[in-house]
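The structure appears right after this line, and notes come after that.
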Amino acid sequence: MLMTAGPQGLVVRITQAVRGPNIRALALAAGWDGVKPFTLDIAEGVDVAALRFTDATEWAIPHDVLTIVNRGRIGGLAGTGYNDDGRFALRTVKRISVINLGQIFGAGGDAGQGSLASCYYWYVDPANYIQSSSGSPGGGQGFNRSSALTGLTIPITPKTTGQQGAVVTYSGAVGGGAAAWCRGGTSGNGGDIGQAGTAGSTNATYGGTYVSASTTQAFAGFPCQAVAGNSLITWLAQGTITGALT
C-alpha cells in the first residue's frame, strides 16, 4: 500500500493484491484526521477481494467521507456461502462515492442442496428407518480465499459441480426380502462470476424391499451479488459490474 497527500486531499493507494483491507486503518496510518474526505485509489491491474466500509470501528466515521477510485478488480470470495459477507465485492454501511474504471464482480452463487431420501423396511420398527443425504452442493466461482498473495493478482477459484447423494443400505434383518436402500438427490452446480448457483434436484432413488419412501424438497441456488449497500453509493462512473447491486 502507498499513502500520499496532495492538493486534492489524502489519497490512499492500494498497489498490491489484498483481501479485506482495513480502509480506516490505512487512512489513519497515512495521517487522516478521522473527519475530512479522502480517496482510496486501487491501482490498475490490482486485485482487491471483499472491500468493506463496515467495520465496527468505523461507525463514527461521517457519511460521504470516502471516494473509491477502482482501476483494477474488486471481487467476491469463492465458496463463501449465502450468509458469508465475503461473497460481495463491495459492501458499505455509509454513504460513499465510487469511480469504477475497472471491474467489480460478486462471487458466483453457491448451489442449492438436493433432496434427502428416506424409506422404511417395516413401519412397526423405527430401527428399520434409513435416510440418505444429498451430495455436496457446488460452490461459486470467485477470488480464492486462502492462497498466499504476492504481486498484483488473486487467483480465481473455479466453480464446482454438485454431487449425488451416497447410497445408504438398511443393515438389519430383512426376512427374506432384499435390503432396502436409498440415495439422496443431486445438488446443484456453483455459478460462474455474475451467475447464480443452480438448484438442487429431487432425483432421489430407492431400491430393495421397503414399505414406504419419501423425498424432501430440494433448495434453490443462491444469487450472485456484487455490491451490498448500493442505495448508499453515488456512482460517479459505474464501469463494468458483474452481479446484482443490492
Side-chain angles (χ1 to χ4, degrees), residues 17-21 47-55 68 70 73-93 96 98 100 102-118 131-147 153-166 183-204 214-233 235 238-246:
V18 62
R19 299 184 188 91
D47 289 345
V48 176
L51 186 61
R52 301 289 177 266
F53 197 50
T54 58
D55 189 270
I68 298 172
N70 174 42
R73 295 192 300 178
I74 305 174
L77 295 166
T80 50
Y82 181 73
N83 292 320
D84 193 316
D85 188 59
R87 70 190 187 282
F88 299 109
L90 171 63
R91 188 177 186 213
T92 183
V93 297
I96 64 174
V98 178
N100 181 31
Q103 182 183 11
I104 297 174
F105 63 85
D110 287 343
Q113 188 174 24
S115 60
L116 305 181
S118 59
Q131 185 178 67
S132 174
S133 299
S134 60
S136 300
Q141 182 183 32
F143 278 141
N144 183 281
R145 62 184 305 168
S146 60
S147 61
T153 60
I154 302 174
I156 294 289
T157 296
K159 67 179 181 181
T160 55
T161 301
Q163 304 298 309
Q164 189 174 24
R183 167 181 274 174
T186 303
S187 292
N189 301 324
D192 293 313
I193 286 171
Q195 302 295 319
T198 62
S201 171
T202 56
N203 64 338
S214 62
T215 300
T216 64
Q217 182 179 359
F219 291 91
F222 298 115
C224 172
Q225 297 167 293
V227 174
N230 185 59
S231 63
L232 298 171
I233 298 176
W235 293 96
Q238 199 164 84
T240 300
I241 300 177
T242 309
L245 305 178
T246 59

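Computation of the quantities below employed the complete heavy-atom set of this structure, encompassing side-chain atoms and omitting hydrogens, waters and symmetry-equivalent molecules. Since this is a predicted model, take the numbers as computed values, not measurements.
Ala107 and Cys224 make their closest contact through O-SG, 3.2 Å (heavy atoms, listed as atom of the first residue, atom of the second, distance). A pairwise comparison of heavy atoms in Gly190 and Ala111 identifies N-CB, 3.9 Å as the closest pair. The two residues Ala17 and Ile154 have their closest heavy-atom pair at CB-CG1, 3.8 Å. Considering all non-hydrogen atoms of both residues, Pro137 and Gly112 come closest at CB-O, 3.9 Å. Here the closest non-hydrogen pair linking Trp235 and Asn100 is CZ3-CB, 4.3 Å. Of all heavy-atom pairs between Ile74 and Phe143, the closest is C-CE1, 4.3 Å.
The backbone N or O of Gln141 lies less than 3.5 Å from no partner atom in the side chain of Asp192, so there is not a single donor-acceptor pair. Distance alone, capped at 3.5 Å, places no donor-acceptor pair between the Ser118 side chain and the Gln131 backbone. A donor-acceptor pair under 3.5 Å links the side-chain atoms of Thr198 to the main chain of Asn189, judged by distance alone. Without hydrogens or angle criteria, Ser132 side chain to Ala166 main chain gives a donor-acceptor distance under 3.5 Å.
A distance of 12.5 Å separates CZ in Phe105 from CD1 in Ile241, rounded to the nearest 0.5 Å. Here the CG atom belonging to Leu51 is positioned 9.0 Å from the OG1 atom belonging to Thr92, to the nearest 0.5 angstrom. To the nearest 0.5 Å, atoms CD1 (Ile104) and OG1 (Thr242) are separated by 9.5 Å. The distance from atom CD1 of Ile156 to atom NZ of Lys159, rounded to the nearest 0.5 Å, is 14.0 Å. Remark: Gln225 CD to Leu90 CG distance equals 13.0 Å, nearest 0.5 Å.
Of the candidates Ser187, Ser136, Ser134, Ser134 is the only one forming a side-chain hydrogen bond (donor to acceptor under 3.5 Å, both in side chains) with Gln113.
Using a 3.5 Å distance cut-off with no hydrogens or angles, the side chains of Thr215 and Thr202 do not pair a donor with an acceptor. For the 3.5 Å distance criterion, the side chains of Asp47 and Thr153 fail to qualify, holding no donor opposite an acceptor. Side-chain polar atoms of Arg73 and Thr240 form no donor-acceptor pair below 3.5 angstrom.
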Requested in this report: Would you please test Asn70 and Val98 for side chain to side chain contact (heavy atoms under 4.5 Å, CB included) and show each step?
Outcome: CA-CA 8 Å; Asn70 174 42; Val98 178; 5.6 Å; no
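The neighbour count for Gln217 CD, taken as heavy atoms of other residues, nucleotides or ligands under 6.0 Å away, does not exceed 12.
Side chains of Arg19 and Leu77 form a contact here, defined as non-hydrogen atoms less than 4.5 Å apart. Using a 4.5 Å cut-off on side-chain heavy atoms (C-beta onward), Ile96 and Ile68 make contact. When side chains are defined from C-beta on, Arg183 does not count as touching Ser133, because their heavy atoms never get closer than 4.5 Å.
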